[in-house]
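Just below is one structure, and these are the notes that go with it.
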Amino acid sequence: MDPYISTYRYQVTATTTLIRDNYSYLEKGAVANDVYQLAGRVMAIRRHGKIVFAVLHDGFGKIQLVFRYDVLKTKEKKWKLLEILNVGDVIGVRGRPSRTLRGELSILVEDFDILSITWRDYPEKWHGLADVDKRYRLRYLDMMLNESVRQAIINIYRIEKAFRDFLDAHGFIEIHTPKLQPIYGGALARPFTTRIHALNTNAYLSIAPETYLKRAIIANFFKVYEIAVCFRNEDIDAEHYPEFIQIEIYEAFSDWEDMMRLVEHMMNYAIEETYGDSVIEIHEGDEIIELNFKPPWRRVSIEDAIEEFGNIKVRNRDYNELLEIAENLGIEIKDPRRGKIIEKIFEKVAQPHIKQPTYITMFPRDISPLARPSRKDPRYAERFEIYVNGLEVGNGYSELNNPIVQYYFFKKEEELRRKVLEKFGEIEIHPMDKDYVRALEYGMPPTAGVGIGIYRLIMALHKLPSIKDSIPFIFIQPEEFQTIAERDTEILKYYIKKLNLENREK
RNA sequence: GGGCCCGUAGCUCAGCCUGGUAGAGCGGCGGGCUUUUAACCCGUAGGUCCCGGGUUCAAAUCCCGGCGGGCCCGCCA
């Protein structure tokens with residue numbers, strides 16, 4: 001019996017979810033009359049002689065299997081098969097819902113088939129896969145065995161789906177922007193460079209979909225979004241990874257206040273859909289923090305937040321005073337922009353304290369080259385950032401739609417880079433994008449936009465220690481190892497012969 | 001880019017400080033067991049101590065270099 005030769009499918013008629021939903025009424029020792037077929041991976045086996053307990057994971061959840069010698073139909077043959085069953089094998093079982101004497105809802109198995117076998121030993125049941133290197137290297141095992149990783153991955157899907165459903169209901173469509181671009185933009189970050197051989201040209205990987213989604217706005221797609229992969233060639237830490245997912249949303253005829261309202265309602269909807277409530281509990285050490293996503297969220301300007309949490313007044317300070325404040329806080333100035341210094345001070349003294357979903361508003365103009373200057377004070381932009389559980393998860397603004405001013409800001413960025421290069425070294429600026437300016441010259445309506453980091457959001461909601469824990473598969477340097485076919489050439493020969501793989505037509 | 005830590009059986013780890021040539025639990029394999037939940041009991045096999053070099057009579061252990069991974073700081077979301 002070799003399932004890799006003989007078995008191509010299994011007819012599944014029920015899931016663990018269905019069994020749990022419909023048979024919770026079963027009394028201890030009871031067996032239902034209905035017969036179902038489930039399939040999945042064997043996660044544990046407890047052998048007791050003529051009765052064997054196993055745990056099946058069918059992708060939805062786990063359920064106990066009970067194999068009884070007197071019940072298994074074609075006894076001798078199947079019992080022999082059961083004796084060689086391993087944790088990690090994939091099986092299909094036919095049986096009846098039941099509850100054991102100890103009260104565990106189970107499937108009393110009447111027949112089963114092995115659908116595929118594992119060639120490798122699975123991690124042990126106590127600690128599972130815990131070594132960080134092995135967890136990332138064998139991420140499929142990590143995802144299979146570690147429930148927190150599994151939950152994060154499932155909830156990324158749910159949140160993304162809820163975002164899509166919400167935006168759909170509000171008349172938005174999703175448009176995919178290019179990941180290969182001649183000029184990068186939409187954020188201040190170092191890009192990956194690559195090469196398009198077909199065009200004999202260099203290209204950048206997208207650091208953000210922003211400038212393309214705004215081109216879509218210009219094209220009369222007045223409500224657009226994208227759940228986009230972004231690439232930024234920066235170093236990795238607990239909160240940063242070179243490849244991440246953002247949802248970016250742009251809505252014409254709106255300003256930043258409209259966008260804040262849209263975002264808090266969308267987020268609240270997604271949280272309710274995913275976690276069943278607007279309020280979710282997060283365990284931080286011994287204490288439990290309740291995060292409440294019900295709109296409206298608190299709004300506080302970045303300078304007020306610094307004053308509130310850090311007891312430091314930065315409004316209307318002159319440049320040298322700001323430098324001194326930063327220095328006293330132990331902040332090393334690598335980028336001399338006034339706004340950057342304020343942002344650094346904010347990150348140091350205020351950000352860790354902001355637990356509840358909060359809009360930090362009125363960001364400095366000079367670090368917001370794509371945002372529209374404030375109608376009240378041109379030193380600020382109509383720009384907000386979203387904070388949840390001390391993490392920055394999003395950023396939005398009234399979009400700058402004036403092509404003349406946009407050109408001027410791009411020009412200023414380039415000048416700034418040249419000016420500070422000698423004293424501070426390379427800083428990230430937004431590069432001149434004349435093609436984007438030309439698009440604006442065709443007329444972009446007043447528009448508001450936002451970007452929300454999905455991995456960051458999940459990280460905040462699940463209190464994950466590292467952003468990597470929310471990313472399904474991460475980059476890892478290849479290691480030397482042997483496949484089973486390399487290790488055991490007899491097995492290789494067996495399959496080549498058995499499946500006639502070298503029988504060529506001549 | 002700077003600093004710190006880790007790499008030992010399939011898995012989780014001890015041994016390293018203080019050098020004497022490898023251990024436990026789980027898992028595997030064999031046996032027993034018809035209601036277990038990390039089942040239990042008996043037996044048994046299993047190692048490139050990440051790689052390379054050095055010191056030493058002797059290196060998993062000390063030193064140097066490399067590879068892989070993690071954490072913190074700087075830059076970026």
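The basis for the numbers below is simple: all heavy atoms, side chains too, and nothing from hydrogens, waters or symmetry mates. Residue numbers begin at 1 in each chain, while the letters A, B, ... track the order of the sequences.
- Using a 4.0 Å heavy-atom criterion, one finds that A/Arg137 contacts the sugar-phosphate atoms exclusively.
- Checked by atom type, the side-chain pair A/Thr16/A/Asp58 shows a donor-acceptor distance below 3.5 Å.
- Here B/C13 is the nucleotide among B/U37, B/C13, B/G68 with the atom lying nearest to any side-chain atom of A/Ala130.
- Between the side chain of A/Asn86 and the base of B/C29, no donor-acceptor pair of N or O atoms lies under 3.5 Å.
- Between B/C67 and B/G74, the two C1' atoms lie 25 Å apart (nearest whole Å).
- Spacing of P atoms, B/C6 relative to B/G27, comes out at 30 Å, to the nearest Å.
- Checked by atom type, the side-chain pair A/Asn155/A/His462 shows a donor-acceptor distance below 3.5 Å.
- Using a 4.0 Å heavy-atom distance criterion, A/Lys28 is classed as making no nucleic acid contact.
- For B/C33, the base has no donor-acceptor partner in the side chain of A/His48 [N/O atoms by modelled type, under 3.5 angstrom].
- Here the P atom of nucleotide B/C73 and the CD atom of A/Glu234 are 16 Å apart, to the nearest Å.
- The side chain of A/Lys125 contributes no N or O atom lying less than 4.0 Å from OP1 or OP2 of B/U12.
- Among the atoms of the strands shown, none is found under 4.0 Å from any heavy atom of A/Asn395.
- The phosphate of B/C75 (OP1 or OP2) has no side-chain N or O of A/Asn233 nearer than 4.0 angstrom.
- For A/His127, taking side-chain heavy atoms from C-beta onward, the closest of the listed nucleotides B/U12, B/U35, B/G69 is B/U12.
- One P atom belongs to B/U61, the other to B/G65, and the distance between them is 16 Å to the nearest Å.
- When the P atom is used for both B/G46 and B/G30, the distance is 16 Å, rounded to whole Å.
- For B/G65, the paired nucleotide is B/C51, the pair qualifying as Watson-Crick or G-U wobble because both relevant distances are below 3.5 Å.
- Both A/Glu243 and A/Ser466 sit near RNA chain B, but only A/Ser466 has its closest nucleotide nearer the 5' end.
- Within the shown strands, B/C73 is the pairing partner of B/G1 under the Watson-Crick or G-U definition, both distances less than 3.5 Å.
- Rounded to the nearest Å, the gap between the C1' atom of B/G19 and that of B/A60 is 10 Å.
- Searching all strands for a Watson-Crick or G-U wobble partner of B/C11 with both distances below 3.5 Å returns B/G25.
- With B/A77, B/C11, B/U37 as the candidates, the nucleotide lying closest to the side chain of A/Leu129 is B/C11.
- One interatomic measurement links the two molecules: CZ of A/Phe475 to C1' of B/G68, which rounds to 12 Å at whole-angstrom precision.
- You'll find a donor-acceptor pair under 3.5 Å spanning the side chain of A/Asp235 and the base of B/G74, going by distance alone.
- The separation between A/Gln477 atom CD and B/C50 atom C1' is 15 Å, rounded to whole Å.
- In this structure, the CD atom of A/Glu343 is 7 Å from the P atom of B/A77, given to the nearest Å.
- Comparing the P positions of B/U55 and B/U8 gives a spacing of 27 Å, expressed to the nearest Å.
- Contact annotation for A/Glu104: base contact, defined as any heavy-atom pair under 4.0 Å involving a base atom.
- Nearest to the side-chain atoms of A/Val132 among the listed nucleotides B/U34, B/G70, B/C76 stands B/G70.
- Within the 4.0 angstrom heavy-atom criterion, base atoms lie near A/Glu239.
- Side chain to side chain, A/Tyr397 and A/Glu399 fail the donor-acceptor criterion of an N or O pair below 3.5 Å.
- Within the nucleic acid shown, A/Glu392 comes within 4.0 Å of sugar-phosphate atoms alone, with no base atom in reach, counting heavy atoms only.
- Separation of the C1' atoms belonging to B/G10 and B/G47 is 12 Å when rounded to the nearest angstrom.
- Going from the C1' atom of B/U37 to that of B/C50 covers 38 Å, rounded to whole Å.
- Between A/Ile367 atom CD1 and B/C76 atom C1' there is a gap of 13 Å when expressed in whole angstrom units.
- Among the atoms of the strands shown, base atoms are found under 4.0 Å from some heavy atom of A/Tyr241.
- Heavy-atom nearest nucleotides on RNA chain B were determined for A/Ser106 and for A/Pro123, and the one closer to the 5' end corresponds to A/Pro123.
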Ring pair (Phe, Tyr, Trp, His ring centres under 6.0 Å) between A/Phe384 and A/Tyr359, intermediate numbers included
CA-CA 6 Å; A/Phe384 62 88; A/Tyr359 290 119; 5.2 Å; yes
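- Under the 3.5 Å distance criterion, with hydrogens and angles disregarded, a donor-acceptor pair is assigned to the side chains of A/Tyr380 and A/Glu303.
- A close approach under 4.0 Å does not occur between any side-chain nitrogen or oxygen of A/Lys334 and OP1 or OP2 of B/C73.
- Residue-level contact check: A/Ile427 touches neither bases nor backbone, having no heavy atom under 4.0 Å from any strand.
- Side-chain contact check for A/Arg137 and A/Gln477: no donor-acceptor pair (N or O, by modelled atom type) lies under 3.5 Å.
- Atom-to-atom, CG of A/Asp121 to P of B/C29 comes out at 8 Å; the value is rounded to the nearest Å.
- Within 3.5 Å, a donor on the side chain of A/Glu124 pairs with an acceptor on the base of B/G25, or the reverse.
- A/Gln246 comes within contact range of no nucleotide atom at all, as no heavy-atom separation falls under 4.0 Å.
- Ion pairing of A/Asp142 with A/Arg135 is present here, as a side-chain N (NZ or NE/NH1/NH2) and a carboxylate O approach within less than 4.0 Å.
- A/Ile476 comes within 4.0 angstrom of the backbone, heavy atoms only, and of no base.
- A/Thr358 and A/Arg298 share no side-chain donor-acceptor pair at under 3.5 Å.
- Looking at A/Glu413, A/Glu343, A/Glu428 one by one, the single match for salt bridge (charged side-chain N to carboxylate O under 4.0 Å, His left out) with A/Arg337 turns out to be A/Glu413.
- We find that the ring of A/Phe244 and the base of B/A77 stack, their centres lying under 5.5 angstrom apart and their planes tilted less than 30°.
- The phosphate of B/C76 has OP1 or OP2 within less than 4.0 Å of a side-chain N or O from A/Lys340.
- A/Gly29 comes within contact range of no nucleotide atom at all, as no heavy-atom separation falls under 4.0 Å.
- In this structure, the CZ atom of A/Arg46 is 15 Å from the C1' atom of B/U34, given to the nearest Å.
- To the nearest angstrom, P of B/C50 lies 11 Å from NZ of A/Lys134.
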